[in-house]
Colleague: 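Here it is, the structure in full.
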Amino acid sequence: MSSPDMRQIERDILPLWEHAFEPDPTDGEKFYLTVAYPYPSGAMHVGHGRTYIAPDVIARFWRMRGRTVLYPMAFHVTGAPVIGISKRIARGDPKAVSLYRDLYKVPDDVLAQFVDPLAIVRHFSEEYQRVMSSCGISIDWRRRFTTVDPQYSKFIEWQWKHLREGNHVLKGAHPVRYCPQCDNPVGDHDLLEGDKAEILKFTLVMFRWNDTFIPTATLRPETIYGVTNLWVNPEVTYVRILLDGAPWIVSREAAEKLSFQDHTVEITGEIPGTDLIDQTVSHPLCGDVPVLPARFVDPDMASGIVMSVPAHAPFDYIALRDLQTEGKYTGIEPVPLITVPGYGTVPAKEAVERAGVANQDDPRMEALTQEVYGAEFAHGRLFDRYGGSSVREARDSVASLMMDQYGSVPMYEFDTRSVVCRCGSNVVVKILHDQWFLQYSDPAWKAQVTGLIGRMDLVPPEVRAEFERTVDWLKDWACTRRVGLGTRLPWDPDWLIEPLSDSTVYMAYYTIAHHLATVSADLLTPEVFDYIYLGKEASGLPEREKLDLMRKEFLFWYPYDFRFSAKDLISNHLTFQLFHHVAIFPEPCLPRGMVVFGMGLLNGAKMSSSKGNVFLLEDAVDEFGADTVRMFLVGSAEPWQDFDWRNELVSSTRKQIDRFMNTVLECQAGQESAGNLDRWLQSRLQGHIARTTEALERFQTRQALQEAFFGIESDLKWYRRRLPAGSAGSLYLKELCSVWVRLLAPVIPFTCEYLWKELGGDDLVSYAPWPVTGPAAVDSRLELAEDLLARTVEDIESILKIIQIVPSAIAIYTAPSWKKRVFSAVAAAENKNTVVREIMKDEEMRKRGKEVTDTVRQCTTLIHRLPPQIIQQLIDDLPDEGAIFSAAAGFLSKEFSVPVSVRDAGESSHAKAALALPFKPAIVIE
RNA sequence: GCGAGUGUAACCAAGAGGCCAAAGGUGACCGACUCAAGAUCGGUUCUCGUAGGAGUUCGCAGGUUCGAUUCCUGCCACUCGCACCA
């Protein structure tokens, strides 16, 4: 191939950009965009590539439009994952070693250093910067930092001081999944089994048996009024314990679990379930009830003993019925306490009978329980004698009544069985103490965020609903950890600030990061940051000049204009950062907009490092070239849509870029002076410029490419087709190419930077002015004329295809002037029904009779089929079709290789000539 | 299960009441140029048709309308999130 080598171009261009994108404040307008910084624990794949390339296209676009653009990057290093990784590598875990050595291609000597977690992030942040640069991402690397830099920690301390002063940080207890073996809380990724298990909060209802408490666990404490008995499993041996000194009876499993939930537990003896059966127990809210046997009672569920409400719990009802069919306990009747629409007095009984369930071992019992509980929770009301409130309210109010007055305590339990840690032991629910929370549940704070969201520019607009839901749903967030990398909580240094909570306002840090790097962390007191970010004066501020500089720079950039992130972060990071911004920054510094991205697929399957289904970004750049990767990633789908990387599609993108480059280079050969055709090309170009600009203003990278790449390419195709044989086009093509190269520069900057030089540009295309439309260059009559010609060519082709004769001549008959008058009348008519009458008022027309009414009908159909925009143009000014076709007769002859004549249909007696209509000439092929 | 979103021809994807048999790209097929090509250029790509036309389509089933890919209802399938994890 004669075209220049892409990789060579990249090597030549990269040094020109090395310090090209390091903006300082100016007098002009700024554009500040940020993307969620990466956690550099592995190599970048093409999915990451798009996350940073799509914003780069936007950054480059605004830069060319004259804005001072800031696109910074840093590395999020906080948290526990790399610690786990380094442990696994140190242990020689084959999966981890293979992932890093084989997939991420880490050299052995570097891998050896990975026993230090910081070595991992250090290595991969270098990788990230190198690969991002090789993709042409226009980042200001001066501002790079990591979240464990001492200066950053000082910044976080300042942030948290404000959060605390704003009463957004609270201390409390919190139930977590906990592995007794590892002695640590466990997250989803630490689990072998049960990663979807949720923690449920049961109320332990304290029944009394002599001097001992028998706690029954329930999610529906309000049903206490309908308790008829307790259930114990006769096959289980329960234990007697002293819980915080009080005598209880629970299952052995429950005793262990309770010991993690804020209680001291001492096992003092055993008691077989059978010993409890037929005993009488009591509770102030339901009186004396007997203890009965039931097989369905699971000792590994909560306390292992349950209270029985046969009127409302299908399990209880059927277990009681099972006993009664054996003739036992026939004196017990269900005691209803809730009315619910759709059910009679005893809902559980009805549900069981409707389903025709035979006994308590029926597998459908689970679903029946859900059905009855669901209905009662949604629409049920307690009887008046129990307060008459809705089930929804009563559940909480009865629970707190029990807690306050009847010795109840909560017990946490998973909603699914078998939650197993990676280490193999069973996970329990543990109550962590002294845990700090960000109080996202605070209605006042929520309201501030909701208000902010309402004022923000969200792209695409569909995500607005999801943001609003998220704010609504957000509960308090446990924001401190015991293990991991990160900043210590300033007022409670035993705790580390959790990773999602130390990455919420760092966009403000970027604005001054390069200055902070030159300041000793010791000097960065909260007063210093208060001055820089909030303009608050304090006595004894150090390095006053530097601080003033930083204050000025912060005010120049802030607030950020757009934050970009993938859609999976809506429910945490993207929303958190809004909470933190409203808590700390004044109104003028609050975020302006967010753009939410779709996810990436590889050959139709989800990209996943652990499954090995990834394509590394660096490999992609090596194989296809940076511009190809860029164009594919932003051109195959809009940023918020999911995209699918397929190598064969990427290769064709590469060909498109080659084609573009060759075309631009060839266009330099045009020598003729510009003619009508060039004016047409120029006129069309104005539309492409306008639509490309509009698309990029809306972050529609794909749409922009459609216009700027394929739109212009297809015009050029028509242009060349129209050109006389042997012509290389006119001098105008150079001008067009100058515009074209600039329109594509944000997407394929390497190619365009190279071409810009070839076209004689002095400076970087990255800073060349974005093309603007020239209204004077628009010639809609010319465009209409070419449109007519193209439509006619299509018609001729379609006729030729069908009749399959070798033509010897083609005649084009343009519509006679009276038909033009009919057409205009029909097109402009508001009432299509009376238009015939209007036209017939004309003497001339009346003479033609039926011919006119036929023409009206044909015009109506034709008008219906043409775009309204063209109709408007035709109403304003019908083109001189005779002149258009005569001028193009040479072209048409060349196209179809036969003589082409142009005549007025009015002067022909040919039968087909009568079919001629304005904008749709009759065609006769012989 | 709950919340948000999506479903268009072989594939990706535009269209948001009549401009729609539905842009653009990819792939496939046919030609041209070539010793040759995965390179380039032109054409075709729902079905039927010897005159620019007709017929059947836009996840499925209903409904509103003179008219629906576009609006409403229900169903089905897929994607993301459901928390202490980046």
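Throughout, a chain's letter reflects where its sequence line sits, starting with A, and its residues are numbered from 1.
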Colleague: Compare all side-chain heavy atoms of A:Phe564 with those of A:Thr51 and state whether any distance is below 4.5 angstrom.
Modeller: no
Colleague: Name the pairing partner of B:G31, where a pair is Watson-Crick or G-U wobble with both distances under 3.5 Å, or state none.
Modeller: B:C41
Colleague: Mark yes or no for whether A:Gln700, through its side chain, and A:Arg702, through its backbone, hold a donor-acceptor pair below 3.5 Å.
Modeller: no
Colleague: Just how far, in rounded Å, is P of B:A54 from CD1 of A:Ile802?
Modeller: 12 Å
Colleague: What nucleic acid atoms does A:Glu797 come within less than 4.0 Å of, heavy atoms only: base, sugar-phosphate, or nothing?
Modeller: nothing
Colleague: Between A:Ala922 and A:Ala80, name the one whose nearest nucleotide on RNA chain B is closer to the 5' end.
Modeller: A:Ala922
Colleague: Could you please name the option among B:A86, B:U45, B:G25 that lies closest to any side-chain atom of A:Leu569?
Modeller: B:A86
Colleague: Compare the minimum distances between each of B:A51, B:U79, B:A83 and the side chain of A:Trp473, then state the nucleotide with the smallest one.
Modeller: B:A83
Colleague: Once you apply a heavy-atom cut-off of 4.0 Å, does A:Leu800 come out as touching a base, just sugar-phosphate, or nothing?
Modeller: nothing
Colleague: Mind calculating the distance between CD (A:Gln700) and C1' (B:A13) to the nearest angstrom?
Modeller: 13 Å
Colleague: Mind checking who B:A83 pairs with, Watson-Crick or G-U wobble, both distances under 3.5 Å?
Modeller: none
Colleague: Using a cut-off of 4.0 Å on non-hydrogen atoms, how would the nucleic acid contact of A:Thr480 be classed: base, sugar-phosphate, or nothing?
Modeller: nothing
Colleague: Counting only Watson-Crick or G-U wobble pairs whose two distances fall under 3.5 Å, which nucleotide matches B:G52?
Modeller: none
Colleague: Taking the side chain of A:Lys655 as heavy atoms from C-beta outward, which of B:A86, B:U40, B:G52 is closest to it?
Modeller: B:U40
Colleague: Under a 3.5 Å cut-off for both distances, is B:A14 Watson-Crick or wobble paired, and to whom?
Modeller: none
Colleague: Among the candidates B:U26, B:C85, B:A23, find the nucleotide nearest to the side-chain atoms of A:Pro81.
Modeller: B:C85
Colleague: Base, sugar-phosphate, or nothing: which does A:Pro921 touch, judged by heavy atoms less than 4.0 Å apart?
Modeller: base
Colleague: Give none if B:U69 has no partner; otherwise give the nucleotide forming a Watson-Crick or G-U wobble pair with it, both distances under 3.5 Å.
Modeller: none
Colleague: By nearest atom, which of the nucleotides B:U26, B:G42, B:A14 is closest to the A:Lys717 side chain?
Modeller: B:G42
Colleague: Examine B:G49: is either OP1 or OP2 under 4.0 Å from a nitrogen or oxygen in the side chain of A:Lys801? Give yes or no.
Modeller: no
Colleague: Picking from B:U40, B:G3, B:C85, which would you name as closest to the side chain of A:Glu466?
Modeller: B:G3
Colleague: Determine the interatomic distance between C1' on B:U64 and the same-named atom on B:U73; round to the nearest Å.
Modeller: 11 Å
Colleague: Counting distance only, does the side-chain N/O of A:Thr147 pair as donor-acceptor with the main-chain N or O of A:Thr78 below 3.5 Å?
Modeller: yes
Colleague: Could you tell me whether the side chain of A:Asp642 and the main chain of A:Gly600 form a donor-acceptor pair under 3.5 Å?
Modeller: no
Colleague: Given B:A13, B:C85, B:G49, which nucleotide is nearest the side-chain atoms of A:Leu500?
Modeller: B:C85
Colleague: A:Gln706 has a side chain; which of B:G52, B:A86, B:A23 sits nearest to it?
Modeller: B:A23
Colleague: Would you indicate which nucleotide in B:C80, B:G38, B:A4 comes nearest to any side-chain atom of A:Asp568?
Modeller: B:C80
Colleague: Would one find a side-chain N or O of A:Gln656 under 4.0 angstrom from OP1 or OP2 of B:U26?
Modeller: yes
Colleague: Determine the interatomic distance between P on B:G49 and the same-named atom on B:G63; round to the nearest Å.
Modeller: 34 Å
Colleague: Checking side chain to side chain contact (heavy atoms under 4.5 Å, CB included) between A:Met631 and each of A:Ile657, A:Leu744, A:Thr701, A:Val650, which is the one that passes?
Modeller: A:Ile657
Colleague: Got more than 12 heavy atoms from elsewhere within 6.0 Å of NZ, A:Lys171?
Modeller: yes
Colleague: Heavy atoms from C-beta onward define the side chain here; which of B:A86, B:C80, B:G52 lies closest to that of A:Lys567?
Modeller: B:C80
